[in-house]
Enquirer: 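Below is one structure. I have some questions about it.
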Amino acid sequence: MKPTPSQTRAALEALDAFQIEVPSWGFADTGTRFGKYLQDAAAIDLNDKLADAGQVHRLTGCCPTVAVHVLWDFQPGQKPADVVKLAKKHGVRIGSINPNLFQDQHYKYGSFGNPRAEVREAALQHVVESIELGQQVRSDLVSLWFADGTNYPGQGNLRDRKRWFEQCLKAAHRKLARGQTLLVEYKPFEPAFYATDIADWGMAFLMAKAAGPQAKVLVDTGHHYVAQNIEQIVAWLLDEDMLGGFHFNDRRYADDDLTLGSIDPYQIFRIFHEIHAYAAERGKAPKIAYMIDQSHNDKPKIEATIQTVMMAQELYTKAALVDHAKLAVLQSRERQVDAEEMLRRAFFTDVTPILQRWRKANGLPADPLAAHRKSGYEKAAGAERKARRKALGLGAGGSYA
Ligand code: RM4
Ligand code: MN
Ligand code: MN
């Protein structure tokens, strides 16, 4: 199918408003539970991560912000204003602030769900500091993911833990400035395997509601069981005005953090279709934070990030081709085959010409991945960082993160 001029216009407009946040942790050396595999060009510090994010934004034109994990990215005593300047130097801004509520020893039995009040208090303190950090770096998103849960039946009081979460989230919400949003992420399992405190979208929804009006749900595409219908979750959250954002990635088994759409691009297309359909119905696009959450342990990190951004843009564009008025007529007449065909046709349309037109109009390379490869960035970063790593005495790590 060749897109009509009005479809092309709709797609170009959609692309104009589609910005994707990249994660600082996507540029650093990460690994599996069994070890880390180092890459010469991997970012060593926040400056490297912001430089890499700058390279992605320069080539794709749609990734102006970088998500940070407070304890992985900020050195003790580091001035937020300096970080703002550093980001600016690399052509990006600091995006969502992600507290680390899982790595300190006292979180062994949870953070907001910990049976010990002093640990819950410490976790709350860290979230409050993250909220203040957001204000200092002029970022309006604080994104919460909890590793909390229990591994064995009987280990914890499930209702107590729920109430502790409600209390802590309410207390955190009180510290938000106007314009700040608190995102609550869910994940079915890992590291807790018996009962995860915020395991699914319903639980995240209740927690965000309990927290207050500035709290919304964050949908990490990889955090679902295989058969789950993610686009229906998205549609319901949209209808409730509770969809705050996404963490993009793909999965095969669990929280695999594979590049978006590498396993099931149609799934991502269907999610985008729900968003475009909602926007068409309301006459304006919903405010959603689109963020990548992938840590690439074997692919070259910048390439994987650019690949993800290009995949997201491609699927977002395809989904924008659907004629919602026509689809509504087909739905009301129970013409299910034709309705389904509308989606299939959009999905299988080659949108390369539209994407190239958008990139050209924005002074960007037609193929950002090819342009990155040609730029020599990776090679130069590899040489410089390898030498710096040696000088700093950094070696292979054995840990999970
Ligand atoms: C989780 C989740 C969070 C991320 C942590 C480190 O699986 O996806 O978003 O911040 O990992
Ligand atoms: Mn995530
Ligand atoms: Mn995850």
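Order of appearance sets the numbers: ligands from 1, and atoms from 1 within every ligand. Just so it is clear, the structure is predicted and the values come from calculations on it, not from any experiment.
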Enquirer: Please give the atom name: the N, O or S atom of His247 nearest to the Mn ion (ligand 2).
Expert: ND1
Enquirer: When you measure from the Mn ion (ligand 2) to the N, O or S atoms of Asp255, does any of those distances fall below 2.8 Å?
Expert: no
Enquirer: Report the distance from atom CZ of Arg159 to atom CH2 of Trp164, rounding to the nearest 0.5 Å.
Expert: 11.5 Å
Enquirer: Ile263 and side-chain contact (heavy atoms from CB on, under 4.5 Å): which single residue from Leu258, Asp256, Asn249, Ile268 fits?
Expert: Leu258
Enquirer: Any side-chain donor paired with an acceptor under 3.5 Å for Asp29 and Tyr37?
Expert: no
Enquirer: Taking both backbone and side-chain atoms of Trp72, is any N or O found less than 3.5 Å from an N or O belonging to ligand 1?
Expert: no
Enquirer: Is it true that a side-chain atom of Asp239 and a backbone atom of Ala235 form a donor plus acceptor pair closer than 3.5 Å?
Expert: no
Enquirer: Less than 4.5 Å apart, any side-chain heavy atom of Asp293 and any of Glu185?
Expert: yes
Enquirer: To make sure I understand the geometry: which N, O or S atom in Asp220 is closest to the Mn ion (ligand 2)?
Expert: OD2
Enquirer: So is Glu190 touching ligand 1 or not, going by heavy atoms under 4.0 Å?
Expert: no
Enquirer: Does either side chain, that of His173 or that of Gln214, offer a donor lying less than 3.5 Å from an acceptor on the other one?
Expert: no
Enquirer: Which residue owns the protein heavy atom closest to atom 8 (O) of ligand 1, what's the atom, and how far is it?
Expert: Asp293 OD2, 2.7 Å
Enquirer: Check this for me - ligand 1, Asp220, N or O atoms closer than 3.5 angstrom, yes or no?
Expert: yes
Enquirer: Just let me know how Glu185 lines up against ligand 1, side chain, backbone, both or neither, with a heavy-atom cut-off below 4.0 Å.
Expert: side chain
Enquirer: Does ligand 1 come near enough to Asp255 that some N or O of the ligand is less than 3.5 Å from an N or O of the residue?
Expert: yes
Enquirer: Is there an N/O/S atom in His223 at a distance below 2.8 Å from the Mn ion (ligand 3)?
Expert: yes
Enquirer: State whether the number of non-hydrogen atoms from other residues, nucleotides or ligands found under 6.0 Å of Arg252 atom CZ is greater than 12.
Expert: no
Enquirer: Do Asn297 and Ser295 meet the criterion of a side-chain donor-acceptor pair at a distance under 3.5 Å?
Expert: no
Enquirer: Going by heavy-atom distance to atom 11 (O) of ligand 1, choose the closest among Trp145, Trp25, Tyr186.
Expert: Trp145
